[in-house]
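Lettering of chains follows the sequences in order, A, B, ..., and the numbering in each one begins at 1. As a basis for the values below, the full set of heavy atoms in this structure was taken, side chains included, without hydrogen atoms, waters or symmetry mates.
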2 protein chains.
Amino acid sequence: MTRQKRVILEVLRGTKSHPTADWIYEQAKKMIPDLSLGTVYRNLNLLKEMGEIMELNYGSTFSRFDGNPHNHYHFQCRQCGRVFDLDLPIQNKLEKETAEVSGHRIDNHRLEFYGVCRECQASEPKN
Amino acid sequence: MTRQKRVILEVLRGTKSHPTADWIYEQAKKMIPDLSLGTVYRNLNLLKEMGEIMELNYGSTFSRFDGNPHNHYHFQCRQCGRVFDLDLPIQNKLEKETAEVSGHRIDNHRLEFYGVCRECQASEPKN
DNA sequence: ATATCTGCAAATGGTTTGCGGAGGA
DNA sequence: TCCTCCGCAAACCATTTGCAGATAT
């Protein structure tokens, strides 16, 4: 556990914003000024393998990262782009059902919702 | 509707394999030898906007495409990498429940399962 | 001591785009 | 005709990687 890895994990654990690698890099640089972006990517991959963080890589050309390693679901606003955590309970029933019907062994699943977040709805024109 | 777009759509409709842009390019080139890869990407994006196809872009550095534009779920084998369609009914209840709890407006959702497919299980060593 | 990690900078690779010419409606 | 699309090749850009020196244990 190097200083770089520790700081990167702290930055990610300290936000609920599901940031990009570049945002994490900018924040961590405040603690380690000569940090390099390559090191951020390397450590994000290591932390992912260690099961400490999650990578959210869907519907975009770049990844976001999540400091909460326990499976949970996300909502992405297609207007402001932000990603929110959801409180929906994990649907293990679906895994079991799918395994039975398909014959595949299922280890995990991902569920994401898309739409317009509460705040963006409020600032939309009221037609 | 140009010849290129028509052939690209036919190739994608004619397979259940959820291919990459490059695979589609190779297949379509059999019909249009001087087709260019840029044209394949441009038409895949157009067909996506038209609602004729879907892009599957998760857990990978490249996209796969699906000629079935109606929402359905997928299973990806982490051993052979193949993507399979699932017969699981669409869980509209989850959208409604999530909208009520979170206050966001939800338009659609995506659900993917990961594990080891039936065939890869059969060829695994029996420890 | 030594295996691992770092900063740097160049490479990678899927995807996008600017251009001038061709083709569909 | 006119607008859209094409092939080509270069550009883009998030991510990865080779290297030589530094650091963790």
Side-chain angles (χ1 to χ4, degrees), chain A residues 1-12 15 17-67 74 76 81-83 112, chain B residues 1-12 15 17-67 74 76 81-83 112:
Chain A
M1 180 63 76
T2 61
R3 194 157 94 87
Q4 285 83 349
K5 188 186 285 179
R6 192 176 342 105
V7 168
I8 288 166
L9 184 56
E10 279 167 13
V11 166
L12 195 46
T15 182
S17 73
H18 310 85
T20 62
D22 203 67
W23 187 90
I24 296 167
Y25 169 60
E26 291 300 332
Q27 299 303 309
K29 224 164 42 169
K30 293 175 185 168
M31 307 298 296
I32 307 175
D34 65 346
L35 180 67
S36 90
L37 185 53
T39 296
V40 172
Y41 276 106
R42 267 187 290 233
N43 278 305
L44 287 172
N45 281 330
L46 289 172
L47 290 165
K48 192 173 54 170
E49 285 169 22
M50 294 164 63
E52 295 289 328
I53 67 174
M54 293 177 67
E55 182 176 4
L56 314 177
N57 52 350
Y58 34 78
S60 176
T61 56
F62 53 85
S63 286
R64 294 171 171 279
F65 294 88
D66 191 328
H74 294 100
Q76 176 159 33
R82 282 184 296 176
V83 174
E112 301 100 34
Chain B
M1 180 63 71
T2 61
R3 193 158 94 87
Q4 285 83 347
K5 188 185 287 181
R6 191 175 346 104
V7 168
I8 288 166
L9 183 56
E10 278 167 14
V11 167
L12 195 46
T15 181
S17 72
H18 310 85
T20 62
D22 203 68
W23 187 91
I24 297 167
Y25 169 58
E26 291 300 333
Q27 299 303 310
K29 219 156 58 161
K30 294 174 183 169
M31 307 299 296
I32 309 174
D34 66 345
L35 179 67
S36 91
L37 185 54
T39 296
V40 172
Y41 276 106
R42 267 189 290 236
N43 279 306
L44 287 172
N45 282 330
L46 289 173
L47 289 166
K48 191 172 55 169
E49 285 170 23
M50 293 163 65
E52 295 288 329
I53 68 173
M54 291 177 68
E55 183 177 3
L56 313 178
N57 53 351
Y58 36 78
S60 177
T61 57
F62 53 87
S63 285
R64 292 171 172 279
F65 294 87
D66 191 327
H74 294 101
Q76 177 159 34
R82 282 184 298 177
V83 174
E112 302 102 32

Q: With distance as the sole criterion, do the side chain of B:R3 and the base of D:dG7 form a donor-acceptor contact below 3.5 Å?
A: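 A donor-acceptor contact between them is absent.
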
Q: Using the side-chain heavy atoms of A:R42, tell me which of these nucleotides is nearest: D:dC19, C:dT17, D:dT25.
A: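 Comparing D:dC19, C:dT17, D:dT25 against the side chain of A:R42, the answer is D:dC19.
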
Q: Taking only side-chain nitrogens and oxygens of A:Q4, does any of them come within less than 4.0 Å of OP1 or OP2 of D:dA24?
A: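 Checking D:dA24 against A:Q4, no side-chain N or O comes under 4.0 Å of OP1 or OP2.
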
Q: The test is side chain to side chain contact (heavy atoms under 4.5 Å, CB included); show your working for B:E112 and A:E112 and say whether it passes.
A: CA-CA 9 Å; B:E112 302 102 32; A:E112 301 100 34; 4.1 Å; yes

Q: Does B:R6 make a side-chain donor-acceptor contact with the base of C:dG24, cut-off 3.5 Å?
A: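 By the distance-only test, no, there is no pair.
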
Q: Should A:T20 be listed as having a side-chain N or O under 4.0 Å from OP1 or OP2 of D:dA14?
A: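 The answer is no; no side-chain N or O of A:T20 sits under 4.0 Å from OP1 or OP2.
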
Q: Only one of B:M31, B:E26, B:Q27 clears side-chain contact (heavy atoms from CB on, under 4.5 Å) with B:K29; which?
A: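 The single option meeting the side-chain contact (heavy atoms from CB on, under 4.5 Å) with B:K29 is B:E26.
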
Q: Out of D:dA24, D:dT15, D:dG7, which nucleotide sits closest to the side chain of A:A21?
A: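 Given the options D:dA24, D:dT15, D:dG7, the side chain of A:A21 is closest to D:dT15.
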
Q: Without placing hydrogens or testing angles, list every side-chain donor-acceptor pair under 3.5 Å for residues 33-42 of chain A, not counting sequence neighbours.
A:
residue	atom	partner	partner atom	Å
A:S36	OG	A:T39	N	3.3
A:S36	OG	A:T39	OG1	3.3

Q: Using a 4.0 Å heavy-atom cut-off, does A:D22 contact any base of the nucleic acid, only the sugar-phosphate backbone, or nothing at all?
A: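 The answer is nothing, as A:D22 stays clear of every strand by at least 4.0 Å.
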
Q: To the side chain of A:F62, which of D:dT15, C:dC19, D:dT17 is closest?
A: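 The listed nucleotide nearest to A:F62's side chain is D:dT15.
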
Q: Could you grab the distance from atom CD1 of A:I24 to atom CZ of A:R64, nearest 0.5 Å is fine?
A: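 Reported to 0.5 Å precision, the distance equals 10.5 Å.
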
Q: With a non-hydrogen cut-off below 4.0 angstrom, is B:S63 in contact with a base, only sugar-phosphate, or nothing?
A: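 Here B:S63 touches the backbone only, sparing every base.
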
Q: Looking at C:dT6, D:dA14, D:dC5, which one has an atom nearest to any side-chain atom of B:T2?
A: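 Closest of the options to the side chain of B:T2: D:dC5.
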
Q: Quick one: on DNA chain D, does B:N43 or B:T61 contact a more 5' nucleotide (nearest heavy atom)?
A: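 That would be B:N43.
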
Q: Would one find a side-chain N or O of B:N45 under 4.0 angstrom from OP1 or OP2 of C:dT16?
A: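 For C:dT16, OP1/OP2 do have a side-chain N/O of B:N45 under 4.0 Å.
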
Q: Hey, can you pull the residues of residues 33-41 of chain A with a non-hydrogen atom under 4.0 angstrom from DNA chain C?
A: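 Output list: A:D34, A:L35, A:S36, A:T39.
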
Q: Please give, in whole Å, the distance from C:dG7 P to A:M31 CE?
A: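 Rounding to the nearest Å, CE of A:M31 and P of C:dG7 are 14 Å apart.
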
Q: Side-chain contact test, heavy atoms from C-beta onward, threshold under 4.5 Å: evaluate it for A:D66 versus A:H74 and give yes or no.
A: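 Touching, per the 4.5 Å side-chain cut-off.
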
Q: Nearest 0.5 angstrom please: A:L12 CG to A:F65 CZ, how far?
A: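 CZ of A:F65 is found 8.5 Å from CG of A:L12.
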
Q: Could you tell me which non-hydrogen atom of B:G67 sits nearest to which non-hydrogen atom of B:I53, and how far apart they are?
A: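 Distance-wise, the nearest heavy atoms are CA-CG2, 4.3 Å.
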
